[in-house]
K.L.:
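Let me give you the structure first, and then I'll get to my questions.
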Amino acid sequence: MEKIRVGYIGAGRQSSASIYPSLRYAPIELVASCALTKDQKDAQRVAREYGAREQRYYLGYEKLLEAEHKNLDACMVVVQPPDYHRIIKDVLSLGLPVWCEKPAASSVEEAKDLEAAAQRAGKPLMVGYMKRFATAYRMAKEAMSRAEFGRPTSFYCEFMVGGGIYPDEYTYIVDNPIHIVDLARYFMGEVERVNVEKAEWGEKSWSYAVTLRFTSGALGLLQFANTQSWRQHNEFAEITGQGHSVSVDNVVRYHYRGQDGPGEMWEPNFTVPIERNSSLILTGYASQLIHFAEVVRDGVTPQVTISDARRALELIDEIYVKGGGVLEPGKKAAAW
């Protein structure tokens, strides 16, 4: 499969843990990389470890774009929320498609501006809501399309993680529970009404119960909190049709329940060290990059766009305000 040539902007924790390692599964050639920090060692490290051609690396994204934009088919951007807006606009202005990590912007206003910038440039801006590409969630989506599943009637999802990372409540919900807000739209369609209950548990610790009414008439319940361990079971989702249901447990276990009988069950066989059992494939990190290569190379429509990212941020803002938060003009998610 023909590779696309990519410049990579970012050398932080998320890049090193999940995105750079996923490149080995995708038809992507890493031409050059850069770090935004003053420590050039970050850029040198990722160039060395992940195979940037001729070891080309830069300190600052402006230098990378100036030197390499004519050698690139696209750019990937993984930075802190406050940095997305200016960087992505600069990349789009050069006529390059972009894949960026979610949330793609630190506010709804910035997301709207990027939406307009992508339209002006006529280039795709794909956003990394990787759970849509996770193997078990893809299986669940396919199962819902079966005639016997019937019309989806309800959606339940929980997402429990640990504390200690985010500097404030707004940044926490913009970066973390936004995943299941996006999953709700992915499985059930547009949301027309939101209600929220929230509890605080000491410094920088919160739990939420959010009910949704979808335009289809279906209902949803989202439960999320940062009061649990990062190292334990974190996630569960269930979609109910009419007499049938499908669930995904902790991202990797799929279970379809029909009207009768045992239904279908699937989980990866981790004892076999093959590609489809890699956690980067199973969680969707690598699969989304494979799709992005198809977007750039073949012109297919991105499965997650900046419009999806903007809508997710709008719903997060509504949840935050209805949970008692104050959304001051120009409020943005912070760096973390």
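Numbering of residues begins at 1 and proceeds along the displayed sequence. What you are looking at is a predicted structure, and each value in this text was computed from that prediction instead of being measured.
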K.L.:
So is Lys331 actually on top of Tyr170's ring, under 6.0 Å and inside 45° of the axis?
P.N.:
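Because its charged atom sits under 6.0 Å from the ring centre and within 45° of the axis, Lys331 does stack over Tyr170.
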
K.L.:
Checking Ser247 against Arg257: is there a side-chain donor and acceptor pair closer than 3.5 Å?
P.N.:
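A pair is found: one side chain offers a donor N or O, the other an acceptor, under 3.5 Å apart.
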
K.L.:
Would a distance-only check, ignoring hydrogens and angles, find a side-chain to backbone donor-acceptor pair under 3.5 Å from Asn250 to Asn234?
P.N.:
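Checked: pair present.
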
K.L.:
What distance do Glu200 atom CD and Tyr208 atom OH have between them, rounded to the nearest 0.5 Å?
P.N.:
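Between Glu200 CD and Tyr208 OH, I get 8.0 Å after rounding to 0.5 Å.
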
K.L.:
Measuring only between side-chain heavy atoms, which start at C-beta, is Ile281 closer than 4.5 Å to Glu275?
P.N.:
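When only atoms from C-beta onward are counted, Glu275 and Ile281 do touch, with a gap below 4.5 Å.
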
K.L.:
Is there a side-chain contact between His69 and Leu96 in this structure, where contact means two heavy atoms from C-beta onward sitting under 4.5 Å apart?
P.N.:
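Contact flag for His69/Leu96 side chains = yes.
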
K.L.:
Hey, what do you get for CH2 (Trp266) to CE (Met139), rounding to the nearest 0.5 Å?
P.N.:
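Reported to 0.5 Å precision, the distance equals 6.0 Å.
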
K.L.:
Check whether any side-chain heavy atom of Tyr156 sits under 4.5 Å from a side-chain heavy atom of Phe236, and report yes or no.
P.N.:
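Tyr156 reaches Phe236 side chain to side chain.
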
K.L.:
Got a donor-acceptor contact below 3.5 angstrom from the His291 side chain to the Gln303 backbone?
P.N.:
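A pair under 3.5 Å: yes.
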
K.L.:
Assess, by modelled atom type and distance only, whether the side chains of His179 and Tyr129 contain a donor and an acceptor separated by less than 3.5 Å.
P.N.:
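Short answer, no.
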
K.L.:
Using a cut-off of 6.0 Å, state whether more than 12 heavy atoms not belonging to Arg24 lie near its atom CZ.
P.N.:
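It does not: Arg24 CZ has 12 such atoms or fewer within range.
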
K.L.:
Less than 3.5 Å apart, any donor N or O on the side chain of Asp113 or His85 sitting next to an acceptor on the other?
P.N.:
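The answer is yes; a qualifying pair exists.
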
K.L.:
Please assess Thr240 against Phe155 for the test side-chain contact (heavy atoms from CB on, under 4.5 Å), listing each intermediate value before the final yes or no.
P.N.:
CA-CA 7 Å; Thr240 303; Phe155 177 82; over 6 Å; no

K.L.:
Just checking Asp260: does its CG atom have more than 12 heavy atoms from other residues, nucleotides or ligands closer to it than 6.0 angstrom?
P.N.:
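Incorrect, the count does not exceed 12.
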
K.L.:
Check for a donor-acceptor pair, side chain of Ser205 on one end and backbone N or O of Gly202 on the other, with a separation under 3.5 Å.
P.N.:
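Pair absent, no side-chain N/O of Ser205 close to backbone of Gly202.
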
K.L.:
Around atom CZ of Arg146, are there more than 12 heavy atoms of other residues, nucleotides or ligands at under 6.0 Å?
P.N.:
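Counting neighbours around CZ of Arg146, more than 12 heavy atoms of other residues, nucleotides or ligands fall under 6.0 Å, so yes.
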
K.L.:
Is it the case that the ring center of Tyr20 lies less than 6.0 angstrom away from the ring center of Tyr8?
P.N.:
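Yes: the rings meet the under 6.0 Å criterion.
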
K.L.:
Give the minimum heavy-atom separation between Ile19 and Leu289, together with the two atoms involved.
P.N.:
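Nearest pair, atom of Ile19 first, then Leu289: O-CD1, 4.1 Å.
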
K.L.:
Do any N or O atoms from the side chain of Asn176 and from the backbone of Val174 form a donor-acceptor pair under 3.5 angstrom?
P.N.:
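Looks like no, no N/O pair under 3.5 Å.
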
K.L.:
As a test of understanding, state which of Arg311, Lys131, Arg132 forms a salt bridge (Lys or Arg N to Asp or Glu O under 4.0 Å) with Asp182.
P.N.:
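Single pass found, and it is Arg132.
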
K.L.:
Quick check on side-chain contact (heavy atoms from CB on, under 4.5 Å): which of Tyr186, Phe133, Trp99 does Val304 satisfy it with?
P.N.:
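By the side-chain contact (heavy atoms from CB on, under 4.5 Å) criterion, Val304 pairs with just one of Tyr186, Phe133, Trp99: Phe133.
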
